[in-house]
Structures are given as C-alpha cells and as structure tokens.
Number of protein chains: 2
Amino acid sequence: MRRSRLSPEREGELYEAVVELLGEVGYDALTMDAVAARTHSSKATLYRQWKGKPQLVASALRHTKPVSLQDIDTGSLRGDLHEIVRCTDSARERDAALMRGLAQAIHTHPDLHQALRELLIYPEMAALDALLRRAVDRGEVAPDRPALDYVVHMMCGALIARSLIDGEEPDVAFLSHYIDAVVLPALGL
Amino acid sequence: MRRSRLSPEREGELYEAVVELLGEVGYDALTMDAVAARTHSSKATLYRQWKGKPQLVASALRHTKPVSLQDIDTGSLRGDLHEIVRCTDSARERDAALMRGLAQAIHTHPDLHQALRELLIYPEMAALDALLRRAVDRGEVAPDRPALDYVVHMMCGALIARSLIDGEEPDVAFLSHYIDAVVLPALGL
C-alpha cells in the first residue's frame, strides 16, 4: 500500500464525488478541476494521491462497488451466485448508467481501460476464480469443465441483453432465474 | 410492404451511407440533412420513404447486416450456431463500433430503441426461435429446457465481455469455443 495523506473517510467522500460526477457528465467531460472543485480539495492533492484521471476513476469505481466478491462464501456455488445478485441489486441502476457511459470511453481511452483492468477487473476476477475453485474443491463442478472460464461472460450477457433486447430491467428475479437456467447448467449442475 | 419510390439498388446505397455516417459521427450527430447530402437525395424523399431518423437507422442496420438467421439451416443446432459465428465474422469490427455508439443512444432515445425492436430485434429473435424450434423438433434439445430463452443473452455476453474484460477481440475461434463450452451445455447438449 502506498502511504496516504488522506484519511479513509476523506478518501471515501472523494470517491463518492467522482462516481457522482461520472454519472452526471461522463468520462470525457470529467476533469480533475471539476473533481477538485466538487470536493474542495486541491489538484495537487489529487495528483499526489492518484497518478491521473484514469487511476482516480478506476479507484473510485472499485471503492464504491456494492459488494466484494471475496466476502461471499455461503458454502455452495448456487448460494454464492444468488448472493452476488442479491447484494448488487441496490446499485444496479447506477451501475448500468455508469457502464453505458464507460463502454465508449474505454474504447477511446486505452489508459482508462488499463487502469480499470488493474484496479477493478483483475482483483474481482481473482476473487471470482477463488469462489469457483471452492466449488471445484467441494466436488460441485468438474475441474476441467470448460464453462468455468466464462461465468463473467454469461452474467455480462444477462445484464446487457435484458435491457437491450428484452427492453426490461435485469432485476434480482430475472438474474436469479438466469443463474438457474444458464450458469449452473453450463457448469454441469 | 409499403409501396417504394426507390429502386432496391438505390435503397441499398442509401442504407450503406447511413451506416457509414453512423459509424463516423454517432447517432446524435447524424442528421437527415447529412444523409440527404451524402446520398444526393432530397430530405422529402427520405421522409416519404421512412418516417424519421429512428426508422431510417433501424432499416439501414437491418438491411446491411451480414447474415439473415432465417437463411441458416445446417441440419444440427451445433452446425447452425457455428455457421452464425462464421457468417458474422467479416462485419464484426463494424458491428462492435456501431453497438458501442448505439448503447448510449438507445437509452436516451426511446424512439430509436422502439424502431430497432420492431425492425431488427423482433424479426431476428423470431428467426432464432425457429432455428431453436427445429433443434427441439429433431430431439436435440428438450422442449422445456430453460436456457432456450437465453441463447441471445449468452452470445451477447461473449461478444461484450471478451473485449471489456479479457481485452481481446471476440473472433471466430473464441466464439466457436464459447458455443461448445457454454451455449450447448446450457441447452443440455
């Protein structure tokens, strides 16, 4: 861990403000000046704490996400997957809006994509791998089951196609049904 | 069919130009004036032929898509799904760019979402349903298999998570592997 000059509370406030701004104006229009103004901090502090805008945004998204996958361990794979869906429900609309805004930004700003991978995606994928490894260790899933590599892909599809194709919200009821209809059967359960 | 004043060739040229413009400037900045200028046609012609911008864009996307699902019938479900992937390969990059640009536009313009559903999504979903029904009739898939409703969701996830999460292109090799690892097992094959 890098030595921080901000208290965890202050850092948390800052992250909330960044995510708020991101939802309001999008990544392109989000400036370090706007973050400094909104949070009554100096740009020097922001640049001292984070390398730049991509790192600040990725850190903010990591620290404000509704659930840490590594905290979930119900004792069964089905229980774990349903628990993830339940925990993310409160942040679903916020996350959908952020993701729509970020999809284009990620493509045009490779530095943002890189920061998101390092700070958000890789840690979450590692936690998901650990969750799936426990299911393999318990004998729920065969270790060579090919779908083990694609749980994120399956869930991503449920979130996106539910609104784009079906024109409906991917709520807890839908996602829970999808887990039982698609994810668990693909894993051989 | 509505009586058309444009020849099919002329209509095809127009659709190509609309998709080209869409990729260049995005939905918000695409105007009927720009389409008229690019295609040397009058705005009156455009409005006579299509109701407005959402219908013109949705029609253009339908008529320039790389493959019609209803033309695919290889005799097995696995063959059909692999054939879809193979046929869409040439248009993959174009489609990915269009989809990124449209994801936000669909959300802010309900009339575009509605036109896309009527002119593009519903017909394609009906063709996919027919393809899946043939597999059920051949005895490849049980008629009450829950994953039958989610083939589009699974494939959507493969396309989007491959670039967003993995940072790689969803090429034919990846999508073919995903069909065998996820889609067919979820359907019980």
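In what follows, chains are A, B, ... by sequence order, proteins preceding strands, each numbered from 1.
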query = Just checking, any donor-acceptor pair under 3.5 angstrom between side chains of A:Glu118 and A:Tyr122?
reply = no

So CD1 of A:Ile84 and CE of A:Met155: to nearest 0.5 Å the spacing works out to 7.5 Å

Note: vs chain A, highest number of non-hydrogen pairs under 4.5 angstrom among B:His177, B:Glu124, B:Gln114, B:His153 is B:His153

If one checks every heavy atom of A:Ile160 against chain B at 4.5 Å, the contacting part turns out to be side chain

Honestly, the part of A:Ile165 sitting under 4.5 Å from a heavy atom of chain B is both

One option among A:Leu164, A:Leu120, A:Leu102, A:Ile106 has the most heavy-atom pairs under 4.5 Å with chain B, and it is A:Leu164

When the 4.5 angstrom heavy-atom criterion is applied to B:Ile121 and chain A, the contacting part is side chain

| message | For B:Tyr15 and B:Trp50, take the angle between the two ring planes, folded into 0 to 90°, and tell me which bin it lands in: parallel under 30, tilted 30 to 60, perpendicular over 60. | response | perpendicular

Counting heavy-atom pairs under 4.5 Å with chain A, the top scorer among B:Leu159, B:Asp166, B:Leu187 is B:Asp166

Give the ring-plane orientation class for B:Tyr150 versus A:Tyr178, where under 30° counts as parallel, over 60° as perpendicular and anything between as tilted. perpendicular

If Ile, Leu, Val, Met, Phe, Trp and Tyr residues are connected whenever their side-chain heavy atoms lie under 4.5 Å apart, and connections chain through other members, are A:Phe174 and A:Val152 in the same group?
yes

